[in-house]
Each structure stands twice: as structure tokens, then as C-alpha cells.
Amino acid sequence: MTIEQTLSSLVIKAVKALYDIDAAPQQVQLQKTRPEFEGNLTVVVFPFVKAARKAPAQVAAELGQWLQDNGQIISKFNAVQGFLNLSISDRFWLEQLRDMAANEHYGDSTEPRGLMMVEYSSPNTNKPLHLGHVRNNLLGYSIAQIQEANGWQVVKTNIVNDRGIHICKSMLAWLKFGNGETPESSGKKGDHLIGDYYVRFDKEYKAQVAELVAGGMDEEQAKKEAPLIKEAQAMLLQWEQGDAEVRALWEKMNSWVYAGFDETYRHMGVAFDKIYYESNTYLEGKKEVERGLAEGKFYRRADNSVWADLTENGLDEKLLLRSDGTSVYMTQDIGTAKLRFQDYPIDKMVYVVGNEQEYHFKVLSILLDRLGFPFGKELVHFSYGMVELPNGKMKSREGTVVDADDLMAAMIQDAREISKDKVNTLPDVTPAEAEEIARKVGLGALKYFILKVDPRKNMLFNPAESIDFNGNTGPFIQYTYARIRSVLRKAGTLDNLTIDHLTISLNEKELGLIQRLCDFPAVVKQAGDEFSPAVICNYAYALACDFNSFYHDYSILNEPDADKRALRIALSAEVARVIARAMALLGIEVPERM
RNA sequence: GGUCUGGUAGCUCAGCUGGAUAGAGCAACAGCCUUCUAAGCUGUGGGUCUCGGGUUCGAAUCCCGACCGGAUCACCA
């Protein structure tokens, strides 16, 4: 039972006893007491003043007196207008600290909630990952961790868009201009190599179009008639027909890309439990559409294309199969969903996909439902905002993308240089440890920078300004952790970490820290309910701030009173543990020293 | 045009299921290391919460309208 629950039920008893009011739990408004007032928690009494027929300040005072007389945990109170500020006894807080320290999984929900599949990343295999994917990957991974902490069994999944005209373009450009270049021969990462040929295709294609237009052709027509695009389309057809040569080339080039992606994922610290490939799922989707057609749920037009009529759902009509019988985006997502639900007993399906695809998922949900999949209606599109640059959206063809590998490398380099500049550089640090610290800190700065923003909102990234390492940042929180660990290493030989004496009187900072620690389980729950790693970020930052303030004002190891010293050590250890856990929920590692 | 979404300090963002004098960080300025890690701590300045109505004891928060921005409405994925 949390302090809020305890107090809430006490207040309900109080208003019944004092004013004969039958209050619902939602009517009891509890909030943290603002720092300018004395107390830990505040009851807002306005909801009761009307029924009590007394002035707000009087209701607050009477309520406070009752609570103090009848609830053992309240040590004192004060009433300011309609706000009743309650001070909770030190003993209560000390018991809370003792209990959480004894709980190995503090913060986690104990209630099992079924199986949740989280799809994220979902790259195309024709170019390397960029900043948009970084936000996607970090959000997806973090959401998976957070939902696990909330009791879900989570399967992390990735759907790789490994077929289609885009990959044919890269293949074609490589055949024409590549001279057999490989990742080994060029020293390039496979995904970057393929991305370069995708860009090369576009360049050559544009030149062809320009030439046709110069020759007098209409631009729209030129785009269709350019020899390169015709060749790419022919190649896609060959691929669909299973042409051995095209398939072999496709497999070779995709394998280069996968090797590159694997490296990026590993570096980023994200992983998947099960990967699906569009080349395996799109046929399944076609079958489902055919079935729906046979069952009269869809209809075929004169040109042979297949459509779903969604007008009764307030939407338009949606294409499901082209007139040439090939599948579209929607088709393969239907197939992928079907395979997934065959493979796992999924209770909740979550798609981590940008908000530009809200319409797509609205339609997908309706279609799956219409096809008789019970999970369709319940699917969650975790729709996150775009990462924008100062001059607008990233455009791969305009060269304004921020590459994921480059960005991570740059962050780690910044971290290296900042460590070097520190006056208090660790004297005995080995080069290997220094490098490990730089990696954790650089990636920590990047991840926190992205995750601290409300996922639903668009966010701005300015490549010209470096990401901070001071203030409300990942490194600030990592630093707080490293600081505590340093103290604890020294304390290890001085004291044992037990709280035997629950009679210690707490100072303001100690009490505030314990109260903050007590919030953690509710924060984890809120982050899960709202699908928001940002909630965890805000909490971790507030906790680190509280600790640094405490650390500045009070000595831990030089405290002469042995009981107080033991308490401070135990409290610090608990703060470190919760920081580490919160950061783990964000996919951020914490260094023992920095 | 329809639908969705956003507008809070110079900049990046919290706060939004209504509660006390709207908060952080960055940037600027002023202090604090012989003492547990100064990636830290303390202080100063900085606001018409886009605008206008409404609801109420109370509105950045809820409702309506206006203005401005973004997304989306493909035989692209």
C-alpha cells in the first residue's frame, strides 16, 4: 500500500466522520507539498467545502486535526486556505526505505499482463539508418523495457522491408556502375555501400529524365519512360517471378545490408527477439486479400484491382491489390500480422511507427477486424513525432539526413574530449576503461536527448549545436550514479549497509529523497500506461537533482553519528539502484566511474 | 478542402485526468573545489502560457471560435 493510498482512505474516513460526506477515492486530491510550504503531501479540500458548509481554511484545519489524531503516520499539519499540508513521520519514511531496499524488483509490477509484441525499427534495405530510425529504435526498445517492468511478456520484433522497387534501384545501379565493389573491397559498411548506389541510381535517373525533357518530352511522361526506371521495374518483375540471377544478387546485397544493420543495432544497444521479412509475408497478405474477396468483404474493379470500401467507417476506399495483381504496403502488413499471430499468442500488438502513418494503421485495424482477426480492433499504433532539422524534414535524396552511425560516433568523440578536459580525470583509468566510459556517456547523452521529449511531439535536432553533457542530460544522471558508486566503494570497508535504527530523525533532503524514491513504481506504471519513456526521463532527472543537492549539503562518510551515516549510505545505495533501473528502462547504461 | 496534431522564457523542452506565486536545461551574469567525483552546487535577470470568448470558488490545463505551423487523405513504401 502506497502512502497515497493510505492517506486517501484516511481522508475518506475523516470527511465521513466530520461532515457525513461519502467521498469517492477520485474526489481525494493529493499532491506533493510545494517546497515553499512545510509538509510532504497536501490534501486539496475544495471538493469538500460545499458539502461541509464551512470555509476552506476551516475544513482544512479540522481535517488536519482529525487525520493527526486518527492516523499514526501524520506527525504534524498546517492549513493554508483550502490546502492541508501534512507531514508524515520519519519512521514511516524509514520503513519505506527499508522495504524498497529489500525488494529486489523495486519498481516492477508483480501482476502478469499477457504477451505484448512490439514492432519497431522496420527499415528498408536500400539505405543506412538515419536519425529518424534512431528515435524509432530508442523509443521501441525503451517501450519494450517499460512494458516488461509493467508485467507484460514482451516480444520485440522487426519487419524488414527487403523487397520492392527501392532495392531493385540499388541493385541495378550496382550492376551498372559498381564494378563488382563489395564491402570488403571498398571498406564501407554494407548498408552504406548499398545506400550509395541508391543515391547513384537517383542521380543517373534524374539525368535521363532531364535529357528526355530537353528532347521535348513532357516531364511526367519522361519520369515513366526513362530507361533506368523501366529496367528497375523489369527487375522487380523478374524478382517476383523468382529469376535465379536476380534472386542471387538480391540475397547477396541484402546480406551486406543486414551485416551493416546488425552492427548499428549492436552499437545502439537495441535487439529483437524475432525478425520478419516482407519477402516472406507479402504472399501471405495476398492470400488473405483473396480470401476476403471471395467472402465478399472486398471488391474487384473492372481493371482487376482489388479494393476495400471503408465508407461505412467514415473513410475512403483503399487499394489492396494493383491491377497487375501485385501487392501494396497494406497487403504485406496484413500478411505480417497473420504470421505473427500464428507464431505467438499475442494479447496486444504494438506498432512503433511514425505519426505520418496514422491513416495507414487506422485502415489496417479496420481491415484486420473485417478479415476476422480478433486482434485487429485492439492494435496499438504507437505514433511518434518526426525529428526535424532547423530547415525542416530530413530528405534522403537531398542529402540532409543525419546518419545514425555518424551521429553515434560523433557523440562518443565528444564524450572523449570532454573527459579529457576534466580537471579531476581519474588517475588510474586504463585506456580501455576510458573508451568504455566515453561510449556509455556519449550514447547516454544521445539517447536521453531523444527520449526526454514527449514521443508524440515533433522534435528539433540542430546538427550545428552539439548535444549537451551538462544540465538536464543523460551524462548528468550518469554522473550522479558514478558519484554515488564512488562513495559506496569507499563506504564498503567502513560500514555495513543496513537500517537497524528506525528512530533516526531525517533532515529535509533525506526525507525528500526517500519520498522521491517512493514515487518510482507509480512512475513506471504511468510510463507504461502512456507509452512514454519521457516520464522516466523526467523522474530520473528529478531524482538526480535531489541527490546532488543532498550530497552538496551533507557529508555521507564523514557524518559522525554512526546510525545517520549508515542511513545515508543505504539511502545513497538505493538512489543509485533506482537511477540504474530507470536508465535501464531507457536503454541507457550507467558507468561505475566517469 | 476533410481528418489528425501542435503553439509555454532568446533557444530546446517539462507541466495539460482543473488547484497555491507557471518550472527545468542551454545561452548571459555573479559566487562555491586543501574536505565523499565541480559532467556538480547556489544566486541574478528573462513569461500577455498565440489571440478572443465560455464553464467555475479556481483555467497554461476543460469547451467553442479565430490565427499560425506540421502530418495525412497515392495502382509510393
Side-chain angles (χ1 to χ4, degrees), chain A residues 26 29 31 33-34 36-37 42 44-47 49-50 56 80-83 85 122 124 126 161 163-166 278 301 303-307 314-316 318-324 326-330 332-333 354-360 362-363 383 385-386 388 392-393 415 418-419 421-426 441 445 449 452-454 456-462 465 467-480 482-491 494 534-535 537-538 541-542 544-545 547-549 551-559 568-569 572 593-594:
Chain A
Q26 305 92 294
Q29 291 184 40
Q31 55 188 250
T33 304
R34 294 186 144 242
E36 58 266 36
F37 300 101
T42 296
V44 183
V45 304
F46 287 109
V49 298
K50 207 171 236 174
V80 181
Q81 297 165 50
F83 298 92
N85 302 319
S122 314
N124 290 341
N126 63 329
N161 300 305
R163 51 145 233 133
I165 193 74
H166 55 280
E278 187 188 306
R301 286 188 183 171
D303 66 1
N304 210 38
S305 55
V306 177
W307 296 75
L315 301 175
D316 218 332
K318 187 75 189 173
L319 177 81
L320 298 178
L321 289 175
R322 295 192 188 95
S323 48
D324 63 2
T326 57
S327 66
V328 293
Y329 185 32
M330 189 59 73
Q332 58 235 12
D333 257 355
N355 60 13
E356 56 197 353
Q357 291 187 31
E358 270 166 15
Y359 182 72
H360 173 81
K362 199 179 277 182
V363 173
S383 165
M386 299 289 99
E388 288 168 349
K393 262 187 86 170
I418 288 169
S419 325
D421 294 344
K422 291 296 155 210
V423 188
N424 284 346
T425 354
L426 305 165
V441 172
F449 173 80
K452 80 170 172 179
V453 180
D454 182 338
R456 272 156 265 276
K457 289 188 178 174
N458 289 355
M459 63 175 291
L460 185 86
F461 175 79
N462 188 347
E465 292 171 14
I467 293 175
D468 273 310
F469 286 71
N470 298 321
N472 186 356
T473 66
F476 168 85
I477 297 165
Q478 290 172 316
Y479 176 77
T480 306
R483 210 179 205 190
I484 298 172
R485 295 299 299 168
S486 172
V487 172
L488 293 178
R489 277 191 297 274
K490 290 177 180 166
L494 294 175
V535 168
C537 288
N538 290 341
Y541 177 63
C545 284
F547 182 83
N548 282 321
S549 172
Y551 180 91
H552 178 266
D553 291 357
Y554 299 95
S555 181
I556 299 164
L557 299 179
N558 298 325
E559 165 58 44
R568 287 181 189 167
I569 291 168
S572 302
R593 311 202 293 175
M594 67 184 271

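These numbers come from a predicted model, not from an experiment.
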For [X], answer base if it contacts any base atom (sugar-phosphate contacts may also be present), sugar-phosphate if it contacts only those atoms, and nothing otherwise; contact means non-hydrogen atoms under 4.0 Å.
{"X": "A:Asn462", "value": "nothing"}
{"X": "A:Gln357", "value": "base"}
{"X": "A:Tyr359", "value": "sugar-phosphate"}
{"X": "A:Ile418", "value": "base"}
{"X": "A:Asn470", "value": "sugar-phosphate"}
{"X": "A:Thr42", "value": "base"}
{"X": "A:Phe547", "value": "nothing"}
{"X": "A:Asp553", "value": "nothing"}
{"X": "A:Val49", "value": "nothing"}
{"X": "A:Met386", "value": "nothing"}
{"X": "A:Gln26", "value": "nothing"}
{"X": "A:Tyr541", "value": "sugar-phosphate"}
{"X": "A:Arg456", "value": "nothing"}

* To do: Among B:rG19, B:rA71, B:rG40, find the nucleotide with the atom closest to the side chain of A:Arg483.
  => B:rG40
* From the list B:rC13, B:rU37, B:rC41, which nucleotide is the closest neighbour of the side chain of A:Ser486? -> B:rU37
* To do: Kindly indicate whether the side chain of A:Thr480 and the base of B:rA39 share any N or O donor-acceptor pair separated by less than 3.5 Å?
  => no
* Asked: Got a donor-acceptor pair under 3.5 Å from the side chain of A:Asn85 to the base of B:rA20?
  -> yes
* **The single option from A:Val328, A:Val363, A:Val306 passing side-chain contact (heavy atoms from CB on, under 4.5 Å) against A:Lys318** => A:Val363
What distance, rounded to whole Å, do you find between the two [atom1] atoms, one in [N] and one in [M]?
{"N": "B:rA60", "M": "B:rG53", "atom1": "P", "value": "14 Å"}
{"N": "B:rG25", "M": "B:rC41", "atom1": "C1'", "value": "15 Å"}
{"N": "B:rU44", "M": "B:rU37", "atom1": "C1'", "value": "28 Å"}
{"N": "B:rG10", "M": "B:rG52", "atom1": "C1'", "value": "27 Å"}
{"N": "B:rU72", "M": "B:rC29", "atom1": "P", "value": "43 Å"}
{"N": "B:rC32", "M": "B:rG69", "atom1": "C1'", "value": "44 Å"}
{"N": "B:rC49", "M": "B:rU21", "atom1": "P", "value": "15 Å"}
{"N": "B:rU12", "M": "B:rA38", "atom1": "P", "value": "32 Å"}

For [N], does either OP1 or OP2 sit under 4.0 Å from a side-chain N or O belonging to [X]?
{"X": "A:Lys452", "N": "B:rG25", "result": "no"}
{"X": "A:Lys50", "N": "B:rC57", "result": "yes"}
{"X": "A:Lys362", "N": "B:rC4", "result": "no"}
{"X": "A:Arg322", "N": "B:rA74", "result": "no"}
{"X": "A:Arg485", "N": "B:rC36", "result": "no"}

State whether the aromatic ring of [X] stacks on the base of [N], taking stacking to mean ring centres under 5.5 Å apart and ring planes under 30° to each other.
{"X": "A:Phe83", "N": "B:rG19", "value": "no"}
{"X": "A:Tyr479", "N": "B:rG40", "value": "no"}
{"X": "A:Phe46", "N": "B:rG19", "value": "yes"}

* Pair assignment for RNA chain B - dot-bracket with | for other-strand partners, Watson-Crick or G-U under 3.5 Å -> (((((((..((((.....[...)))).(((((.......))))).....(((((..]....))))))))))))....
In whole Å, I'd like the distance from the [atom1] atom of [X] to the [atom2] atom of [N].
{"X": "A:Gln332", "N": "B:rA77", "atom1": "CD", "atom2": "P", "value": "7 Å"}
{"X": "A:Asn558", "N": "B:rU35", "atom1": "CG", "atom2": "C1'", "value": "7 Å"}
{"X": "A:Ile477", "N": "B:rU37", "atom1": "CD1", "atom2": "C1'", "value": "17 Å"}

* Pull up the glycosidic torsion of B:rC36 and say syn or anti, syn being anything within 90° of 0. => anti
* Just say parallel, tilted or perpendicular for the rings of A:His360 and A:Tyr329, cut-offs at 30° and 60°. => parallel
* To do: Look only at the side chain of A:Asp454 and the backbone of A:Arg456, and say whether a donor-acceptor pair between them is shorter than 3.5 Å.
  => yes
